[in-house]
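So that we are looking at the same thing, I have put the structure below in structure tokens.
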Amino acid sequence: MEAKAFYAPENRTFKRLSGAMERCIHKTDRCHAQGWRFAASLANRASMDVPAKPRNHLYLVDGSAYIFRAYHRLPPLTNPQGVPVGAVYGYTTMLWKLAEDLHAADGPTHLAVILDKGSVTFRNELYDAYKANRPPPPEDLVPQFPLIRDATRAFSLACIEEAGLEADDLIASYTRAAAAQGWDVTIVSSDKDLMQLVGEYPGGGRVDMLDTMKNQRVFIPEVVDKFGVPPEKVGDVLALMGDAVDNVPGIRGIGPKTATKLIQENGDLETALANAPAMKAGKLRESLIEQADMARLSRKLIALKDDCALPIPLDDFTLGPIPPDPLAAFLGEHGFTSLLRKLGTRETAAPAARTTGAPAPAAPTAPETGNRQPLPEWPAIDTAAYPCVQDEADLEEWIARAQAAGLVAVDTETSALDAVGADLVGISLATGPGAACYIPLGHGNTTDMFAERPRQIDKARALALLKPLLEDDSVLKVGQNIKYDLTVLARHGIAVAPIDDTMVMSFCLDAGRGEPMPFGHGMDELAERHLGHTTIKFKDVAGTGKKAISFAEVPLPDATRYAAEDAEVTWRLHAVLAPRLAEEGGTRIYQRVDRPLVQVIATMEGHGIKVDRERLATLSGEFATRIAALESVIHEKAGTTFTIGSPKQLGEVLFDKLGYKGGKKGKSGQYSTDQSVLETLASQGAEVATLVLEWRQLSKLKSTYTDALQAAINPATGRVHTSYSLVGAQTGRLSSNDPNLQNIPVRTEIGRQIRDAFVAEPGHVLLSADYSQIELRLAAHIADVPALREAFAHGEDIHARTAMELFGEVNRDTRGRAKTINFAILYGISRWGLATRLGTSADEAQAMIDRYFERFPGIQRYIHETLEHVRDRGYSETLFGRKTWFPRIASKTQAERAGSERAAINAPIQGTCADIIKRAMARMTPALVEAGLGHVRMLLQVHDELVFELPESDVAAASAVIERVMATAAEPAVKLSVPLGVEIGTGPSWGAAH
DNA sequence: CTACTCACG
DNA sequence: GACGTACGTGAGTAGC
């Protein structure tokens, strides 16, 4: 306990599940390349889909087609290793040009590269000669294909390829999907087949094409120009013409001119074929009649399949910041020096530029584990070399460097762990590998009046200099658990933005991964795993236990090594994780859900909630009296004095000394004395058991709540400030700690008194808004269960409806059983579990499960499909694309496997619920502000509940806004087939608001 | 540091 | 025939 108060925030240890699982926190970064400064502001812009956003514009790059053209048009360049890279160079310059268009008003907001997978497709089944006459690609083009993927990755862009589908079909499918939602689409290709897709779409989207080589836009007039017909008739023209390259037969003797003329005159292919017999006799008439079937086949071959399943959702193509380092590494590796020069500027240029010509390393990624090795161009981390910034001129230089880079990793050091109470001791910055510094600001400010105070810049002055950088829209601030730094800096009047958080990025990529235990997302662990680097530990500079010192007392050389390293590590982690988000489909959940939440949570934590200390103290006293009374009675009945709180001693007293039956020992050889055991004993007339149960309840309430909460009141604010973890729960839920405000009692009358101690300020009230039955509603939607959907649509009592379906009648008993079964479903059912809960035999439980599946057939299908998906891909997904990994789904150990299966069934439902309330939270403040309710404060989140504090007079107006934001939180990304019910209550205390 | 117990959704 | 009985958390206490 005493050590805790001295931990630096970045080493903060949260979890105590089993062993100490670290959940770390940190920050770092760096960058260069003035040409890329748009990245930071772009990252900011992409964060939420509410309120107003710029019109979405999706660019789909036909990568495979491009590479062939580039190969033939460019000279045969080779890279320093002698590998031919001419086509790759062409491709790279094309991506570069597109990236430059990001500035333009109609530039891309989303972008994906589509590649051919080079496999057999459905067209080969239609016509086995399809594309059969293609010559093999030239020998010096073959090695360039994989490099296309590298180039794409270097830009951190999404790349799609799917076996059994041609790039054209994927492009058509994405085009249709995007245009239907009203997005604009630009297809970057010159393939005439794709011209079929050009036009205005019913959803409001506008689709055009871009030929980057000719720098030419193709819209309806250009298509008509080329084919003489509008886009929707292009397929008919092509079917008559055929296509020599793809070996589409068409009709022999008909070329572009004749084909166009025939379609213009007849309107479409079928009419043209039907009218053929009426044409004037001749070769054309005969060909049309004879080869009509060939034309029809050709039409099918040319038709684009626009209903393919989209392997990656559109939202994942959101353009985020393009980290310069992977790009610099790639350009350097292949000797693309002119682009490299454009990218890198002055001494902060990517080190990759200096190592051009180094042998290309083996593929560094290990996607199956989520690990990635450091980019080889980086020098090893040298903690001895960091400068300690002690005068203003140096600080200004670092600020300028960060400004030029457009991306800076930031880490704050404080005197204690508590973000709301701790003092700022120093700030570290990093702008690249080997480019990090530490700025001490509060060293020597200790209680030791003889301590030397080292030379450092005045804190207020330094913060004034840093403020413009930290608030600059065009500079991305990267942190490891940057929520902590936001909170600390907010107290100094600095509103840090825009931000990225490597801890949250790691969570969006790797939640649940790792064996035998899931990986943590703390900095030390991430550094070890992704960078192969062992960080300096906080205890190495500050000591541990009673001898630990505050960071303010750490000598500057040690503090500098430690703090600047954290910033540099964070910077490197960002360079590793940012491209992975794009590659692995994590962008959508990160950019649209979790990243916007970081600031929201920081603000909530900063508010805290008022707790009535007197009331808690009174409760503590009452509980203590009752506990003491119970204790003596228990000892008397037991005939011995023992520690009631010791399960070991209690078990021995109950089962050995008093001789009660039903003692079962676990694998540790100890009797179980948990609630269910004691209740059984109590029902058999064991009064001691009843007394112990009451004793347990009261001591739990006293120690965990009435005592601990008083101690948690922040002396400066008079309120309790919990800390939420965004990476605590594998499903995407938040967790709350220090103290945990998500498990305040509510289920029993005596426990609920504790909620009455959570109060509003005078003249204010607390407002509690919670989603009603949200998990069951989402199950009804996700599993597509008509009976449940209907019940929710009509506002029925869902458990009663289930009882009716299962038992044919509704009464207290059947409704209760139905409720149990409904929950069992959400948790991944087993007949034994259900039998235990219902107090029936496993056979009866099984019969009920069967009946449930029969009445609600979607459920069984959902379970089956979810497990297939997880076994196949390793992870489950929520409706919003959040992945949770289940590496033990194929474990040889039955229990492990079964446990993973149950968790996997639950995760999409629990996780979607978490996504929805997170979206609601991210939109809440803007919505309240818009309604003139900017002073309404959101204080707490308890999984399906939000708690606000507001003036009593604003209750009606605020309730309307809150209800609307919560009920519509899934939209527009997901259209739910069930309504989301929100229940709102208000009162002077949390207890009264329920 | 681990196991047990129990508070919440 | 069984995974040893639901999913996800955090925290306090006893005891090695």
Interatomic distance where CD belongs to A:Q697 and P belongs to B:dA7 [whole Å]: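 For the pair A:Q697 CD and B:dA7 P, the rounded distance is 6 Å.
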
Rounded distance in Å between the P positions of C:dG4 and B:dA3: 15 Å

Please classify the nucleic acid contact of A:Q675 as base, sugar-phosphate, or nothing, using heavy-atom distances under 4.0 Å.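 Sugar-phosphate only.
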
In dot-bracket, 5' to 3', how would DNA chain C read with Watson-Crick or G-U wobble pairs under 3.5 Å, [ ] for crossing ones and | for pairs to another strand? ......|||||||||.

Under 4.0 Å: is that the gap between some side-chain N or O of A:R696 and OP1 or OP2 of B:dC6? yes

Which heavy atom in A:L939 sits nearest to a heavy atom in A:E949, and how many Å separate them?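 Scanning both residues completely, I find the closest heavy atoms to be CD1-CB, 3.6 Å.
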
Counting only distance, no hydrogens or angles, is the base of B:dA7 paired donor-acceptor with the side chain of A:R747 under 3.5 Å? no

How close or far is atom P of B:dC8 from atom CG of A:D770, stated in whole angstroms? 15 Å

Atom CD of A:Q670 and atom C1' of B:dT2: how far apart are they, to the nearest Å? 11 Å

Applying side-chain hydrogen bond (donor to acceptor under 3.5 Å, both in side chains), which residue pairs with at least one partner in residues 693-703 of chain A are found, sequence neighbours left out?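 Passing the test, one end in residues 693-703 of chain A: A:R626-A:E694, A:E631-A:W695, A:T673-A:R696, A:Q697-A:T748, A:K702-A:D707.
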
Look at all strands and tell whether A:L826 reaches a base, only sugar-phosphate, or nothing, counting heavy atoms closer than 4.0 Å.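 Counting heavy atoms under 4.0 Å across all strands, no contact is made by A:L826.
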
Closest approach of A:I782 and A:P908, non-hydrogen atoms and distance? CD1-O, 4.1 Å

Counting only side-chain heavy atoms from C-beta out, which of C:dT9, C:dG8, C:dG10 sits nearest to A:N906?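 So the nucleotide nearest the side chain must be C:dG8.
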
From CD of A:Q742 over to P of B:dC6, roughly how many Å is that when rounded to an integer? 21 Å

Tell me which nucleotide among C:dT9, C:dA6, C:dG8 gets nearest to the side chain of A:S735.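 Shortest atom-to-atom distance from the side chain points to C:dT9.
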
Under 6.0 Å from the CD atom of A:Q684, do we count more than 12 heavy atoms belonging to anything else shown? yes

Closest listed nucleotide, where the reference is the side chain of A:H943 and the choices are C:dG12, B:dA7, B:dG9: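 From the listed options, B:dG9 comes nearest.
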
Proximity to the side chain of A:N737 - top-ranked nucleotide from C:dA14, C:dA11, B:dC8: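 My answer, after comparing the listed nucleotides, is C:dA11.
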
If every non-hydrogen atom of A:A780 is compared with every non-hydrogen atom of A:V978, which pair is closest and at what distance? CB-CG1, 4.2 Å

Could you give all pairs that pass the side-chain hydrogen bond (donor to acceptor under 3.5 Å, both in side chains) test and reach residues 827-837 of chain A, with sequence neighbours left out?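 Applying side-chain hydrogen bond (donor to acceptor under 3.5 Å, both in side chains) to every pair that reaches into residues 827-837 of chain A, excluding sequence neighbours, yields A:R831-A:D843.
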
For A:A824, answer base if it contacts any base atom (sugar-phosphate contacts may also be present), sugar-phosphate if it contacts only those atoms, and nothing otherwise; contact means non-hydrogen atoms under 4.0 Å. base

Between A:Y875 and A:H869, is the gap from one ring center to the other below 6.0 Å?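 Ring-ring flag for A:Y875/A:H869: true, centres closer than 6.0 Å.
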
So which nucleotide from B:dT5, C:dC3, B:dC4 ends up closest to the side chain of A:W832?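 Output: C:dC3.
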
Nearest-0.5 Å distance, CG of residue A:L650 to CD1 of residue A:I634: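 Rounded to the nearest 0.5 Å, the CG-CD1 separation comes out at 8.5 Å.
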
Among B:dT5, B:dA7, C:dA6, the nucleotide that comes nearest once only the side chain of A:N743 is considered: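 Of the options given, the side chain of A:N743 lies nearest B:dA7.
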
C:dA2 P sits how many Å from A:E896 CD, rounded? 19 Å

Given the P atoms of C:dT5 and B:dC6, what is the spacing between them in whole Å? 15 Å

Which of the following nucleotides, C:dA6, B:dT5, B:dG9, is nearest to the side chain of A:R902? C:dA6

I'd like the P distance from B:dA7 over to C:dC3, given in whole Å. 30 Å

Taking only the side-chain heavy atoms of A:R733 (C-beta and beyond), determine which of B:dG9, C:dG4, C:dA14 contains the nearest atom.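 For the A:R733 side chain, the nearest candidate turns out to be B:dG9.
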
Is there a donor-acceptor contact under 3.5 Å linking the side chains of A:T722 and A:S736?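 Result is yes, a qualifying pair exists.
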
In whole angstrom, give the distance that lies between atom CD of A:Q846 and atom C1' of C:dT5.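 Going from CD in A:Q846 over to C1' in C:dT5 covers 14 Å.
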
Can you tell me the distance, in whole Å, between the CG atom of A:N740 and the P atom of C:dT9?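 After rounding, the gap between these two atoms is 12 Å.
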
Looking at every strand, decide which applies to A:T722 at a 4.0 Å heavy-atom threshold: base, sugar-phosphate, or nothing.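 Result for A:T722 = nothing.
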
Name the closest nucleotide to the A:Q894 side chain, picking from B:dG9, C:dC3, B:dC6. C:dC3

Have a look at A:Q649 and say if it touches a base, only the backbone sugar-phosphate, or nothing, with a 4.0 Å heavy-atom cut-off. sugar-phosphate

Would you indicate what A:T673 reaches in the nucleic acid, counting non-hydrogen atoms under 4.0 angstrom: base, sugar-phosphate, or nothing? sugar-phosphate

With sugar-phosphate meaning primed atoms plus P, OP1 and OP2, does A:T893 contact a base, only sugar-phosphate, or nothing at under 4.0 Å between heavy atoms?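 The residue A:T893 makes no contact with any strand.
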
Taking atom P of B:dC8 as reference, at what distance in whole Å does atom CG of A:L709 sit? 13 Å

Regarding the side chain of A:V746, the nearest nucleotide among B:dC6, B:dG9, C:dT5 is B:dG9

